[in-house]
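Note sheet for the following structure.
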Amino acid sequence: MESRERALAGRLTGVRAEIARACERAGRAPDTVTLVAVSKTHPPEVILEAIEAGLRDFGENRPEEAAPKIDAVASLTAAPLRWHMIGHVQSRKARLVTQGYALLHSLDSVRLARRLDTYLSVQGRALDVLLQVNMSGEATKEGWDAYQWDERSALRAALWRDVEAVLALPGLRVRGLMTMAPLVEHPEAARPIFTALRTLRDALRESFPRAGWDELSMGMTDDYPVAIEEGATLVRIGRAIFGARQVR
Ligand SMILES: *Cc1c(COP(=O)(O)O)cnc(C)c1O
C-alpha cells in the first residue's frame with residue numbers, strides 16, 4: 001500500500017517535471033496548463049492517494065461509472081475537487097453530467113447540447129463545455145468531423161452552423177475545443193493534429209468572438225509534451241500517473 005502511494009507520487013513528480021520542461025520550451029508559464037488526472041477504472045482509494053499527492057482535477061470517461069465514484073470520493077475527503085467528463089455521453093444519459101462536473105470536454109453533437117440545455121434550464125444552472133472535434137478523420141473517433149475543415153467548404157459550413165446552434169443555448173458555456181490524437185508510434189507524429197486544433201480554435205474565435213475559446217484540451221500519456229508545445233491548456237493523463245489500467 002505504502003509503496004503503491006510512493007509509486008504514484010513518483011510518477012506524478014515525473015509528469016509535473018515533463019510539463020514544466022514543455023512549458024519552458026514553449027515559453028509558457030507552467031500554471032497555464034491544467035493537469036487532469038484520468039482516473040477511469042481506478043477505485044476511490046487510488047483517487048484518494050492522488051489527492052494526497054496534490055491532484056485536484058480528475059477525469060472520468062463513463063458517466064455511469066463516475067457517478068458513484070464521485071460520491072464515494074466526496075465521502076473520503078474534504079479537498080475541493082474538479083471533475084471532468086472526458087468520454088462520450090449518450091443523449092439519453094445527458095442528465096448524469098449536468099451536475100457534479102467542472103467541465104464537460106466531450107460535447108460532440110447539437111442533439112446532446114440541446115438535451116443538456118433542457119435539464120440545465122430546469123435546474124437554473126449553466127455548464128462549462130468544450131466542443132470535441134475529430135481532426136484526424138479516423139472513423140473511430142468521437143466528435144464533430146473537422147478533418148481538413150479549411151479545404152472542405154460544405155463541412156466547414158455545417159460545423160459553423162452547429163457551433164452557432166450550441167452557442168445559442170443559454171445553459172452551456174463554451175470554453176474551447178477538445179481532441180484526441182490518433183495512436184501513433186512517435187509523439188511527434190501527433191503534432192499536426194494539435195496544431196490543427198489550435199488553428200480551428202483561432203478561426204472559430206474570429207467568427208464567434210463573444211464565445212470563450214481559451215481552452216484547448218489535448219494531449220495524453222503518450223503525447224502531452226508535444227500538445228503543450230502546441231498550446232494545450234488542459235492535458236488528460238491517465239497511465240503516466242496511475243500506471244497501466246486493468247481491462248474493465
Ligand atoms: C483514457 C483517456 C485519456 C488518458 O489516456 P492515457 O493514455 O492513460 O493518458 C485521455 N483522454 C480520454 C478521452 C481518455 O478516454
Side-chain angles (χ1 to χ4, degrees), residues 4 7-8 10-19 22 33-43 46-47 49-50 53 55-67 69-70 82-90 93 96-97 101-109 112 128-136 138-146 175-191 193-194 196-197 215-248:
R4 191 180 72 185
L8 191 152
R11 284 191 297 262
L12 178 58
T13 302
V15 169
R16 288 208 192 285
E18 196 70 56
I19 290 173
V33 178
T34 298
L35 170 55
V36 178
V38 177
S39 51
K40 65 188 184 193
T41 76
H42 298 292
V46 172
I47 297 175
E49 290 167 13
L55 287 163
R56 293 294 179 270
D57 288 87
F58 292 93
E60 289 282 333
N61 75 332
R62 292 186 182 178
E64 278 157 318
E65 178 182 317
K69 273 167 73 174
I70 292 173
R82 286 173 297 273
W83 291 94
H84 299 250
M85 177 45 63
I86 62 173
H88 176 60
V89 180
Q90 292 172 286
K93 307 273 173 62
L96 284 174
V97 300
Y101 290 96
L103 184 63
L104 170 64
H105 294 227
S106 45
L107 183 68
D108 57 6
S109 70
L112 174 61
D128 286 339
V129 299
L130 305 179
L131 310 180
Q132 180 172 358
V133 289
N134 175 352
M135 306 304 299
S136 66
E138 284 179 297
T140 53
K141 289 272 185 291
E142 310 280 358
W144 274 277
D145 181 10
R175 297 300 190 197
L177 301 179
M178 180 273 227
T179 202
M180 286 181 78
L183 288 177
V184 287
E185 190 97 351
H186 192 274
E188 206 47 55
R191 189 182 297 275
I193 297 293
F194 301 138
L197 190 73
E215 306 295 341
L216 291 176
S217 172
M218 56 188 196
M220 311 178 12
T221 289
D222 292 327
D223 53 26
Y224 67 93
V226 175
I228 290 169
E229 288 172 14
E230 295 303 321
T233 63
L234 296 140
V235 289
R236 311 179 307 267
I237 302 182
R239 288 166 300 134
I241 296 170
F242 294 103
R245 279 183 290 276
Q246 310 285 317
V247 180
R248 34 186 161 195

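Just follow the structure's listing: the first ligand is 1, and inside any ligand the first atom is 1. Model, not experiment: these values are computed from the prediction. These values consider heavy atoms only, across backbone and side chains, with no hydrogens, waters or symmetry-generated copies.
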re atom 2 (C) of ligand 1, the protein heavy-atom contact at minimum distance is Lys40 NZ, 2.6 Å
Within 4.0 Å of some non-hydrogen atom of Gly238, the atoms of ligand 1 are 4 (C), 6 (P), 8 (O), 9 (O)
**Carboxylate-amine/guanidinium contact Glu64 Lys93, below 4.0 Å** = yes
- Item | Test item: Thr34 side-chain N/O and Leu234 main-chain N/O as donor-acceptor pair under 3.5 Å | no
In short, Glu60 meets Ala66 closest at the heavy-atom pair CB-CB, 3.6 Å
A student checking ligand 1 against Arg239 at a 4.0 Å heavy-atom cut-off should list atoms 6 (P), 7 (O), 8 (O), 9 (O)
Short version for Val38: what comes under 4.0 Å of ligand 1, heavy atoms counted, is side chain
Ignoring hydrogens and geometry beyond distance, is a side-chain donor-acceptor pair present between Thr233 and Glu215 at under 3.5 Å? yes
* Is a donor on one side and an acceptor on the other found under 3.5 Å between the side chain of Asp223 and the backbone of Ala227? -> no
Looking at the rings of Trp83 and Phe58, which for Trp means the six-membered one, are their centres under 6.0 Å apart?
yes
Closest to atom 12 (C) of ligand 1 among protein heavy atoms sits Ile86 CD1, 3.4 Å
Note: ligand 1 atoms sitting under 4.0 Å from heavy atoms of Arg236 are 4 (C), 9 (O), 10 (C), 11 (N), 12 (C), 13 (C)
Ligand 1 to Met180, heavy atom cutoff 4.0 Å, flagged ligand atoms 13 (C)
Under 4.0 Å from one or more heavy atoms of Ile237, ligand 1 contributes atoms 9 (O)
### Query
Heavy-atom contact under 4.0 Å between Arg245 and ligand 1?
yes
